[in-house]
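Single-structure report; data block below.
Atoms within a ligand are numbered from 1 in the order they appear, just like the ligands themselves.
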Amino acid sequence: MSTSPLRGRDLVSAADLSAAEIGLLFTRSAALKAEFRARRRHAEAPLQGLTLAMLFQKPSLRTRVTFEAGMTQLGGHAIYLTEGTVLGGRESVGDVARNLENMVDAIMARTGPHEVVVELAARASIPVINGLTIREHPCQALADLFTLYERFGDLRGVTLAFVGDGNNVYHSLALMGATLGMHVRLAHPAGYGPAERIVERARTLAVAAGGSLSFTQEPREAVEGAQAVYTDAWTSMGQEAEAEERRDAFARFQVNAALIAAAPEAVVMHCLPAHREEEITSEVMDGPQSVIFDQSENRLHAQKALLAELLAG
Ligand code: CP
């Protein structure tokens with residue numbers, strides 16, 4: 001059997017994966033999901049004897065549990081490390097990387113600054129996975145687009161409308177969606193758009209794959225005709241001081257029944273955690289168009305596929 005093209009690689013940005021590699025991960029995610037759903041066990045343990053160090057500078061439910069459970073379910077082990085033990089100024093990022101590469105087989109890191117994950121990846125000889133930074137959340141995008149792949153198959157030409165902040169989740173969706181030839185729209189309030197360098201990179205990827213990026217300040221314009229409507233919290237981790245100002249700025253950008261009426265065929269998505277009745281109403285979140293809890297389940301399956309390909313593919 002040939003070696004996986006992902007073996008030994010890092011996942012720092014959603015742009016690190018080609019369309020073929022994303023397709024490989026979707027296929028493996030689907031197989032792992034079907035097997036796990038049928039038996040709650042896997043017949044093989046490809047990660048037996050392997051260890052993942054998980055570094056968290058920020059809180060988490062889904063990322064921690066899906067990576068830790070995913071390692072266990074594939075025969076490996078995960079170690080949870082918090083700010084008090086690493087990346088809190090106790091030693092340099094480079095020294096953390098040089099220690100961990102001699103002890104474990106991969107690192108997953110959730111940090112504030114993106115540069116910390118970039119440096120870990122540059123310094124460590126083992127795979128480094130971005131578990132969320134201020135700039136990107138590639139594992140979320142992988143699980144989200146796998147969720148759409150389950151419904152639509154080939155994602156070329158599929159339209160995803162993101163309503164809200166041009167944040168890290170939008171950045172990774174735009175990059176990965178563009179790679180797959182999707183049409184990625186963003187409706188955002190003035191002053192809350194995405195980073196220009198991410199937009200430039202995503203535009204280049206979209207042009208090459210036959211997709212597009214577009215921007216508006218009118219949520220209804222973005223969602224009309226879309227196959228997926230996506231939202232995220234208006235205030236991300238670390239922006240708590242801006243919460244009130246953001247509530248005012250984003251008030252027109254709530255995903256509610258009136259907005260969804262303009263996209264009656266669309267699935268509704270959210271990366272969670274949600275602030276019910278702020279960026280999304282409970283009526284929509286728990287309604288028939290919602291695939292939100294499929295997305296969170298798919299974090300498990302997509303990341304297991306990623307770990308298996310990076311470490312044992
Ligand atoms: N969506 C997401 O990354 O969830 P957590 O912050 O709970 O990990």
Side-chain angles (χ1 to χ4, degrees), residues 11-14 16-17 25 29 33 52-73 78-83 86-87 106-114 116-117 128-148 150 160 162-177 194 228-240 243 246 255 267-276 278-280 284-286 290-307:
L11 179 60
V12 173
S13 165
D16 292 345
L17 298 172
L25 290 168
S29 302
K33 181 173 183 174
L52 174 72
M54 306 191 300
L55 318 186
F56 280 92
Q57 285 186 306
K58 304 272 182 189
S60 169
L61 172 67
R62 283 148 290 274
T63 304
R64 180 189 173 176
V65 172
T66 51
F67 269 106
E68 189 162 338
M71 284 299 293
T72 304
Q73 290 161 16
I79 302 172
Y80 176 64
L81 297 158
T82 58
E83 178 117 26
V86 283
L87 303 181
I107 299 168
M108 189 278 292
R110 167 168 288 195
T111 66
H114 188 71
V116 174
V117 174
V128 171
I129 301 169
N130 178 352
L132 180 147
T133 65
I134 287 169
R135 189 178 308 160
E136 278 211 53
H137 199 355
C139 295
Q140 183 69 51
L142 184 67
D144 294 340
L145 297 189
F146 173 60
T147 305
L148 294 180
E150 290 182 302
L160 180 148
F162 192 104
V163 179
D165 196 6
N167 63 9
N168 48 3
V169 174
Y170 165 78
H171 286 164
S172 289
L173 285 168
L175 290 166
M176 201 175 283
V229 174
Y230 200 116
T231 190
D232 188 7
W234 293 338
T235 303
S236 297
M237 285 183 278
Q239 298 168 330
E240 289 76 10
R246 285 175 164 266
V255 173
V267 295
V268 174
M269 308 182 79
H270 192 306
C271 56
L272 301 176
H275 299 110
R276 288 171 179 261
E278 281 196 15
E279 74 274 5
I280 189 165
V284 171
M285 189 164 162
D286 301 324
S290 172
V291 295
I292 291 168
F293 293 98
D294 297 342
Q295 290 172 256
S296 74
E297 178 191 342
N298 283 339
R299 293 291 302 277
L300 177 69
H301 309 302
Q303 289 162 195
K304 275 156 77 169
L306 178 68
L307 289 165

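Taking the side chain as every heavy atom from C-beta outward, Q295 and Y230 approach each other to under 4.5 Å. Counting heavy atoms from C-beta outward, C139 and L306 have side chains that approach closer than 4.5 Å. Residues H114 and I134 have side chains not in contact (no heavy-atom distance under 4.5 Å, counting atoms from C-beta outward).
Residues forming a side chain to side chain donor-acceptor pair (under 3.5 Å) with R299 (at least two apart in sequence, or on another chain): T63, Q140, Q303.
Within 4.0 Å of ligand 1, contacts by protein heavy atoms are made from S60, L61, R62, T63, R110, H137, Q140, C271, L272, R299.
E136 and S13 are linked by a side-chain donor-acceptor pair at a separation below 3.5 angstrom, with hydrogens and angles left out of the test.
Ion pairing of R276 with D286 is present here, as a side-chain N (NZ or NE/NH1/NH2) and a carboxylate O approach within less than 4.0 Å.
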